[in-house]
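Read through the structure below, which is laid out as structure tokens, and then see the notes.
Convention: sequence-line order gives letters A, B, ...; per-chain numbering from 1. All figures in this text were calculated on a predicted structure; none of them were measured in a lab.
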2 protein chains.
Amino acid sequence: MTGILENRIKSMANLSAEAFGLLMNSMQPKPIGKGQYLLKEGQVCKAIYYVEKGYLRTFYTKDGKEINTRFSFENDFVTELKSLRSAIPSDYSIQTGEETVVWEFTKEKLLDLYGQSVEIESFGRNLLEQMLIDQEEHANLFKIYSPTERYQYVIRQFPHLLQRVSLSHLSSYLGIARETLSRIRKNP
Amino acid sequence: MTGILENRIKSMANLSAEAFGLLMNSMQPKPIGKGQYLLKEGQVCKAIYYVEKGYLRTFYTKDGKEINTRFSFENDFVTELKSLRSAIPSDYSIQTGEETVVWEFTKEKLLDLYGQSVEIESFGRNLLEQMLIDQEEHANLFKIYSPTERYQYVIRQFPHLLQRVSLSHLSSYLGIARETLSRIRKNP
DNA sequence: TTCATTTTGTGATTTTTGTCACAGGCTGAT
DNA sequence: ATCAGCCTGTGACAAAAATCACAAAATGAA
């Protein structure tokens, strides 16, 4: 089913039938087993991914511990932009957290499409804008809210995070020790 | 002097002489006194700003206290994207921290230019990419590092922050109490 | 079901950070 | 030079969170 992706794309840019076809015809859905990697630290990121089903976890390794920097669910786009943009090794890894289906937009193909169609480049710009807004909001969480407030913000805004991501994984994403998060969860 | 801005733009996109002229001819540098506002909470953000001289401070007000979410120095581009994109009231204010000179790219004019020139839209996309990378890096500071480590990171990567921004302003930017930051600063 | 593995809850304790209060410094205007 | 207003340093204390250790619970595979 391509329906969700189609709608997502159409909601972000007014693509003509031609441009839309150009974009969609160059891709296919790609199923990936749970725990598989889309990108490993040290590799160069080659694509932007759209999550149709399942979810992805982006993490950084520090002193042997994994620190989760992002979770990407259905209808989200993900990439490791710093690596993608400059073709440099990534500091982060991207792994599935469930059985997942993604659509892969390779950089090569995207740049080609940008050249062929102004509308697709406009779509790319719109996508980046939305990603940037989300990221800024997330960064400000840490400046504005305490750990407890961050947890409350997440259960209000992103309840699926709690249902699908383990508490251990969520804790590093919120910058809180696992035990502390477990205690926060008990007391409202 | 437009030299810095010219170089910045040229380093981000290969603009033809026509596109470049189109972009530059529609703007002028704008001097702003210290402490003046480019945007106040509740207003709709209308433009992207390029800082030629001085610096800007973006902040959020919580319980009567100002929490700084961003500092933008010479050669940086700044806006309040969520407000700009959707024409909704901003949750943030943007104020100068010194005598400042900015170049104003209004949304209206930019959209017009995007329509006129693919190269300028490409420049816009490149600018967003860079802003997103910076923002992600900043957000991950809070997940990966402790307050002390965040301070050390900042003095290594952005020493000018310490020289030009007051310790009180810097503390909320790093998510640390003013007193704690003062103590961190004493002990290396 | 059973067992091994992973995840979560909880207590005790230490460490870190925040809060409050106030003194000393610096700055800019008169 | 003087003074008001802001910024910074510092002590004492309170609060919050991290760490360590281990038990309980959940999960998944055989």
Counting any heavy atom closer than 4.0 Å, what does Ser166(A) reach on the DNA or RNA strands: base, sugar-phosphate only, or nothing?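 The residue Ser166(A) makes sugar-phosphate contact but no base contact.
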Any idea how Tyr60(A) and Tyr92(A) line up, ring-wise: parallel (<30°), tilted (30 to 60°), or perpendicular (>60°)?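 The arrangement is tilted - the two ring planes meet at 30° to 60°.
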Counting the benzene-type ring for Trp, do Phe71(A) and Tyr173(A) have ring centres under 6.0 Å apart?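 Aromatic pair counts; centres sit under 6.0 Å.
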Glu137(A) vs Tyr153(A) side-chain heavy atoms within contact, under 4.5 Å: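 A side-chain contact under 4.5 Å exists here.
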Pairs: protein N or O with nucleotides 17-21 of chain D N or O, under 3.5 Å:
{"residue": "dA18(D)", "atom": "OP2", "partner": "Ala177(A)", "partner atom": "N", "Å": "3.0"}
{"residue": "dA18(D)", "atom": "OP2", "partner": "Thr180(A)", "partner atom": "OG1", "Å": "2.7"}
{"residue": "dT19(D)", "atom": "O4", "partner": "Arg183(A)", "partner atom": "NH1", "Å": "3.4"}
{"residue": "dC20(D)", "atom": "N4", "partner": "Glu179(A)", "partner atom": "OE2", "Å": "3.4"}

With nearest nucleotides of DNA chain D determined for Lys34(A) and Ser168(B) from heavy-atom distances, which residue corresponds to the more 5′ nucleotide?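 Its nearest nucleotide lies further toward 5', so the answer is Ser168(B).
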Identify every side-chain donor-acceptor pair in residues 35-46 of chain B under 3.5 Å, counting partners at least two apart or on other chains, and give the distances.
{"residue": "Gln43(B)", "atom": "OE1", "partner": "Lys40(B)", "partner atom": "N", "Å": "3.0"}

Would you call Lys82(B) and Glu136(A) a salt bridge, using N to O less than 4.0 angstrom?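 Result for this pair is no, no salt bridge flagged.
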Lys/Arg N to Asp/Glu carboxylate O, Lys53(B) vs Glu74(B), below 4.0 Å: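 Judged by the 4.0 Å cut-off on N to carboxylate O distance, Lys53(B) and Glu74(B) do not form a salt bridge.
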Specify the separation, in whole Å, of atom CG of Leu167(B) and atom C1' of dG18(C).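 In whole Å, dG18(C) C1' and Leu167(B) CG are 15 Å from each other.
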Between Glu52(B) and Trp103(B), is there a side-chain donor-acceptor contact under 3.5 Å, judged purely by atom types and distance?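 Checked: Trp103(B)/Glu52(B) side chains pair up, N/O donor to acceptor below 3.5 Å.
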Would you kindly say whether Gln130(A) and Asp134(A) are connected by a side-chain donor-acceptor distance under 3.5 Å?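 Checked: Gln130(A)/Asp134(A) side chains pair up, N/O donor to acceptor below 3.5 Å.
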Angle by which the axis turns from one end of the helix from dT1(C)-dA30(D) to dT30(C)-dA1(D) to the other, five pairs per end, to 10 degrees: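 End-to-end axis angle: 50°.
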